[in-house]
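Below, read A as the first sequence line, B as the second, and so on, with proteins coming before strands; counting in each chain starts at 1. Keep in mind it's a predicted model, so treat the numbers as computed, not measured.
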Protein chains: 2
Amino acid sequence: MTAAPESVPDAAHKAHPERRHAEGAENYAKAIYQLQADDDEPVGTGAVADRLGVTPASASAMLKRLADDNLVEHSPYRGVRLTPEGEQLALEMIRHHRLIELFLAEVLGMPWDRVHEEAEVLEHHISEELEELIATKLGQPARDPHGDPIPSRELDIEDDRTVALSDLEVGGGGVFERVSDRDPEMLRYLDSRGIRPGAAIEVRARDPFEGPIRVSVSGDEHALGTPLARRMRVSAER
Amino acid sequence: MTAAPESVPDAAHKAHPERRHAEGAENYAKAIYQLQADDDEPVGTGAVADRLGVTPASASAMLKRLADDNLVEHSPYRGVRLTPEGEQLALEMIRHHRLIELFLAEVLGMPWDRVHEEAEVLEHHISEELEELIATKLGQPARDPHGDPIPSRELDIEDDRTVALSDLEVGGGGVFERVSDRDPEMLRYLDSRGIRPGAAIEVRARDPFEGPIRVSVSGDEHALGTPLARRMRVSAER
DNA sequence: ACCAGAAGTTAGGCAAGGCTAACTTTCTGC
DNA sequence: GCAGAAAGTTAGCCTTGCCTAACTTCTGGT
């Protein structure tokens with residue numbers, strides 16, 4: 001009866017002096033990072049709540065906890081900004097997310113429009129060691145299947161030199177770099193039209209008042225709605 | 001500003017009328033299943049608590065919740081038994097666990113003694129679709145890297161025809177089928193001695209009072225402690 | 001400059017799980 | 001067969017997150 005003591009599932013990971021954060025905190029950090037984008041305006045509570053699908057009250061409470069944990073600076077009523085620590089956490093999750101997306105697509109053949117939601121869950125549950133094995137298997141890739149850059153092991157991320165397709169004038173264009181991975185229907189649609197990252201794209205015509213945008217992609221013409229065009233990023237010309 | 005509504009991360013999976021269970025319930029079901037083993041004695045609260053590393057009080061409360069959810073039958077003070085629904089849940093987790101272990105070892109080259117703890121986490125977070133992709137990639141395998149049988153897609157599991165090495169008499173033996181995956185040190189030790197599932201093993205001598213057991217494995221002799229031998233399963237001779 | 005509405009926060013609840021301390025039930029040894 | 005030990009349960013509390021309802025602060029239009 002007195003068998004060897006079962007290995008209790010206690011402190012598993014972490015060699016580095018890196019604090020553990022709950023899944024909730026990880027999602028908030030990622031959301032704030034993505035809302036913060038390039039401009040460094042603080043992010044409003046409502047925007048965070050919106051993106052995470054919770055009420056502003058819940059977000060408000062959570063942001064206070066994040067501030068206690070030193071992941072954000074929070075000036076009540078005026079918004080939050082990630083601290084360096086919060087940004088690291090966000091980038092860590094983004095690295096996980098994009099590595100997992102690429103892995104699922106490349107190694108397991110999961111369709112382009114399905115990898116996002118799977119990665120959304122798994123990103124919180126892989127160890128550093130598994131992250132590294134995946135990155136190695138993929139050859140330390142720089143971009144995920146939607147064209148998004150993957151932060152390096154040291155969490156450096158290539159800065160964004162793209163513009164939204166919806167912001168281009170007629171005659172503008174470049175290489176279609178990436179598209180938000182968050183809407184499977186959009187992904188399926190683009191994929192079915194043969195519009196994939198890496199393709200050359202050019203704006204042929206625009207209609208006023210959010211009308212369709214006519215573009216040519218590798219010879220073919222397509223008319224795209226503005227909401228879609230807003231999510232498509234094209235390499236900036238310089 | 002009124003962009004397309006972001007896809008909220010609500011009800012994601014489940015085509016089948018399959019209820020969702022929290023991670024906690026999944027772990028309890030698995031623990032009870034494994035404690036129940038073949039004998040169908042009910043499992044005590046303390047044993048469950050022990051295996052999961054929680055206090056008996058916590059387990060007691062949780063078992064009541066599982067009973068409400070129809071995963072176990074609970075007679076107060078006398079123990080729990082899984083319901084068919086609870087057993088399905090346990091087998092589902094065991095299938096996930098063992099597929100993930102094998103996948104990590106085969107596809108990513110993760111060492112034998114590390115796959116368990118990674119799988120312990122991930123088993124709760126893969127979708128049915130990913131489960132299927134993994135199983136396909138591995139060719140619908142029947143056993144994980146420790147030699148444990150993997151339940152089929154329909155959750156049928158091969159019944160156990162093995163005995164503990166510690167229960168064999170001198171002269172007894174058979175094929176070393178598997179070993180508990182829960183103790184990395186044991187795994188590393190066996191691996192370093194070249195004792196791996198599939199090898200022929202025979203008991204050469206035993207000392208009384210839990211003394212070492214001398215066995216031969218593919219020509220070499222080893223002396224194994226009783227606790228270790230208790231966790232090694234050898235194909236039953238008939 | 002003010003006030004209404006928008007944005008944010010506080011208060012009070014709930015559910016899951018965990019803990020300790022105290023109490024009950026069951027089992028066992030004499 | 002009964003007392004004390006062992007096993008199980010209850011009570012009361014904590015934390016993480018989420019909710020609704022009510023309150024506060026900020027901001028923009030006249």
Q) In residues 54-61 of chain B, which residues come under 4.0 Å of DNA chain D by heavy atom? A) B:Pro56, B:Ala57, B:Ser60
What residues form a side chain to side chain donor-acceptor pair (under 3.5 Å) with [X], not counting sequence neighbours?
X: B:Glu185; answer: none
X: A:Thr55; answer: A:Ser58
X: A:Arg178; answer: A:Asp148, A:Asp160, A:Thr162
X: A:Tyr77; answer: none

[X] has an atom [atom1]; how far is it from atom [atom2] of [N], in whole Å?
X: B:Leu63; N: C:dA16; atom1: CG; atom2: P; value: 15 Å
X: B:His74; N: C:dT25; atom1: NE2; atom2: C1'; value: 12 Å
X: B:Glu26; N: C:dG17; atom1: CD; atom2: C1'; value: 15 Å
X: A:Arg78; N: C:dG8; atom1: CZ; atom2: C1'; value: 11 Å

Q: Drop me the distance from A:His97's NE2 to A:Glu101's CD, to the nearest 0.5 angstrom.
A: 3.5 Å
Using the side-chain contact (heavy atoms from CB on, under 4.5 Å) criterion, which residues pair with [X]? Sequence neighbours excluded.
X: A:Pro42; result: A:Arg81
X: A:Val107; result: A:Phe103, A:Lys137, A:Leu138, B:Val107, B:Lys137
X: B:Pro212; result: B:Asp207, B:Arg214, B:Ala223

Q: Using chain B heavy atoms and a threshold of under 4.0 Å, write down where along DNA chain D the contacts begin and end, 5' to 3'.
A: D:dG8 to D:dT10
Q.
Just to be sure I understand the rule, does A:Gly79 reach a base, reach only the sugar-phosphate, or reach nothing, if contact means heavy atoms closer than 4.0 Å?
A. nothing
